[in-house]
Amino acid sequence: MSSPDPEALRHHLYMEFPGFPHSHVSPWPAEEHAKFFPSFPSMPEYLSRFDMLLAEDTAWLVRKMEAPTPLTRDEQMTHCKDAGQCPVIDSPGRGLCPGMNGQVEVEDRCLEQVHTLVLEEVLKDIETACKLLNITPDPAEWTSGQVQKWLLWTEHLYRLPPVGRAFQDLSGSELCMLSEDDFRQRTSQCGDVLHAHLDIWKSAAWMKERCSSESNHTFLGADEVCTEADSSCTGQPIHLWQFLRELLLKPHNYGRSIRWLNKEKGIFKIEDSAHVAKLWGIRKNRPAMNYDKLSRSIRQYYKKGIIKKPDVSQRLVYQFVHPV
DNA sequence: CATGAGGATGGGT
DNA sequence: ACCCATCCTCATG
């Protein structure tokens, strides 16, 4: 029995759910948590409400891998109920979920692999967000301005209700000291969700710290997380075209707002112009940014040969002149 | 009414 | 000098 092909699994996690995440948070029972994060018993309870795609997916992975699980989660949003929709899991001859006794070791290996992938993807997402926001991964290091930036970003990315001035003038370390109840009290709703997101960041920073202090690169190659050679670390302000590229690189986070129509040719479509403009405005500290102004900046690229309209011009569709 | 092209101006680096 | 951000006019569907 072969273990699951990580590439296939990654492909599945990313590509089968282009519309991820927005909107739903599902409880993640503590026992599930312990299964998925056995190496990190001290990770706080945030993972118990891990409202990211990977948790959504791993939730049904668990169901598939174990005997039917009495999960009380709302099944409405579960993307994959019948076998036909689970290409990776149900590939014949590739038993990720053998569904019979005596396969415990294989299942443990699968779980370990999923576990590693989950952490890998979470850390990558955080790295991307850091690039886009120009902040450090460790929330404790944030200034109050960076705290505001992160709040705005998170609230827009996950379409949470605005927090307004609930956390105004708080430094990162002060923010990190707040309990989930503090978050709930300071916000009208979804304070727990926000707290969960912050907890994910906190523990990612904690893990990164731990990994580096043990010079242990189990989860990420040094080139994936520790590189200083990209746009975020040069001190130069990020360019709009770079920003758009970064969003496009994370379809499972931003695919609802901007996505490739033809990655090879560099053709992309802005699906939610207001949202993309908002994110750009947060990045540049331009609260009044809108698509009118963003698109004017894109049009400046015509003359520079960075972005053009595709040969068959369509609304909200642009093309990188030099695709990757 | 949202989008699109592009001129003008001014700010920040 | 460069990269927008802002504002504006006119055109298009």
Side-chain angles (χ1 to χ4, degrees), chain A residues 18-19 22-23 127-137 141-159 161-165 168-169 171-172 227-251 253-324:
Chain A
H22 317 311
S23 82
E127 281 300 310
T128 306
C130 287
K131 253 188 255 179
L132 292 169
L133 287 172
N134 200 21
I135 60 178
T136 63
E141 296 173 10
W142 295 343
T143 64
S144 60
Q146 291 171 324
V147 166
Q148 291 307 310
K149 225 169 172 180
W150 178 85
L151 286 168
L152 265 177
W153 185 266
T154 305
E155 133 194 342
H156 280 281
L157 180 54
Y158 298 101
R159 297 172 201 268
V163 297
R165 297 163 181 269
Q168 193 141 44
D169 298 328
S171 70
T227 177
E228 302 291 316
D230 56 58
S231 56
S232 66
C233 302
T234 60
Q236 301 294 330
I238 193 169
H239 289 185
L240 175 56
W241 64 269
Q242 293 175 312
F243 183 83
L244 295 176
R245 246 204 226 292
E246 301 283 356
L247 294 182
L248 285 160
L249 284 176
K250 284 286 172 182
N253 280 345
Y254 307 106
R256 281 199 178 165
S257 303
I258 181 171
R259 65 185 179 90
W260 294 114
L261 290 188
N262 185 330
K263 190 168 182 180
E264 287 65 44
K265 292 184 179 173
I267 300 175
F268 62 96
K269 174 162 186 177
I270 296 173
E271 299 281 2
D272 185 338
S273 58
H275 195 230
V276 172
K278 190 73 209 175
L279 296 178
W280 176 234
I282 292 169
R283 174 59 175 86
K284 294 290 295 289
N285 287 320
R286 296 277 108 171
M289 182 52 61
N290 57 25
Y291 182 68
D292 243 25
K293 292 181 267 196
L294 185 148
S295 68
R296 182 68 190 96
S297 292
I298 291 180
R299 290 196 294 276
Q300 301 274 40
Y301 289 142
Y302 294 171
K303 201 187 283 194
K304 298 177 189 176
I306 296 172
I307 288 177
K308 61 174 185 173
K309 283 301 263 186
D311 297 333
V312 278
S313 182
Q314 304 166 72
R315 284 189 130 213
L316 298 168
V317 177
Y318 297 92
Q319 178 172 13
F320 284 104
V321 176
H322 303 293
V324 201

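Residue numbers begin at 1 in each chain, while the letters A, B, ... track the order of the sequences.
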Residue A:D292, side-chain heavy atoms: nucleotide from C:dC3, B:dT3, B:dG7 that is nearest: B:dT3
Would you say the side chain of A:I298 lies within less than 4.5 Å of the side chain of A:L240, judging by non-hydrogen atoms? yes
OP1 or OP2 of C:dC3 sitting under 4.0 Å from any side-chain N/O of A:K304? yes
Given DNA chain B, 5'-ward residue of the pair A:S295 and A:Q300, judged by closest heavy atom: A:S295
Looking at B:dG6, does its base get a donor-acceptor pair with the side chain of A:R299 below 3.5 Å? yes
Reckon A:W280 has a side-chain N or O less than 4.0 Å from the OP1 or OP2 of C:dA5? yes
Need to verify one output field. Residue with the more 5' nearest nucleotide on DNA chain B, A:R296 or A:Y318? A:Y318
Shortest non-hydrogen contact from A:Y318 to A:P310? CA-CD, 3.9 Å
Roughly, in whole Å, what's the span from NZ in A:K293 to P in B:dT9? 19 Å
Counting only side-chain nitrogens and oxygens, does A:S273 get under 4.0 Å of the OP1 or OP2 atom of B:dA2? no
Gap between atoms CG and C1', on A:D272 and B:dA2 respectively (whole Å): 13 Å
C:dC3 OP1/OP2 closer than 4.0 Å to side-chain N/O of A:Y301: no
Report the nucleotide, chosen from C:dT6, B:dG4, C:dA5, that has the shortest atom-to-atom distance to any side-chain atom of A:Y291. B:dG4
I need the CZ-P distance between A:F243 and C:dC3, as an integer number of Å. 18 Å
The residue, A:I306 or A:P287, whose nearest nucleotide of DNA chain C is more 5′ is A:I306
Heavy-atom side-chain contact between A:S273 and A:L316 under 4.5 Å: yes
Quick one: is C:dA5 close enough that its OP1 or OP2 comes under 4.0 Å of any side-chain N or O from A:K284? yes
Mind calculating the distance between CG (A:N285) and P (C:dT6) to the nearest angstrom? 11 Å
C:dT6, C:dC4, B:dA5: which one has an atom nearest the side-chain heavy atoms of A:K309? B:dA5
So what does A:S313 touch, heavy atoms closer than 4.0 Å: a base, only the sugar-phosphate, or nothing? nothing
C:dA5 phosphate, OP1 or OP2: any side-chain N/O from A:S297 under 4.0 angstrom? yes
Of A:R315 and A:R286, the one whose closest DNA chain C nucleotide lies more 5': A:R286
State yes or no: are the ring centers of A:F243 and A:W280 separated by less than 6.0 Å? yes
May I ask you to say what A:L316 touches in the nucleic acid, namely base, sugar-phosphate or nothing, with a heavy-atom cut-off under 4.0 Å? sugar-phosphate
Round to the nearest Å and state the distance from A:N290 atom CG to C:dA5 atom P. 11 Å
In whole angstroms, the gap separating P of C:dA5 from CG of A:L240 amounts to 7 Å
Note, A:R299 side chain near A:S295 side chain (heavy atom, < 4.5 Å): yes
A:N253 and A:T128, any side-chain heavy atoms less than 4.5 Å apart: no
What integer distance in Å separates A:L294:CG from B:dT3:P? 11 Å
With the side chain defined as heavy atoms from C-beta on, A:H239 is closest, among C:dA5, C:dC3, C:dC7, to C:dC3
Check the distance between C:dC4's P and A:M289's CE and give it to me in whole angstrom. 10 Å
Side-chain N,O (A:Y302) to OP1/OP2 (B:dG4) below 4.0 Å: no
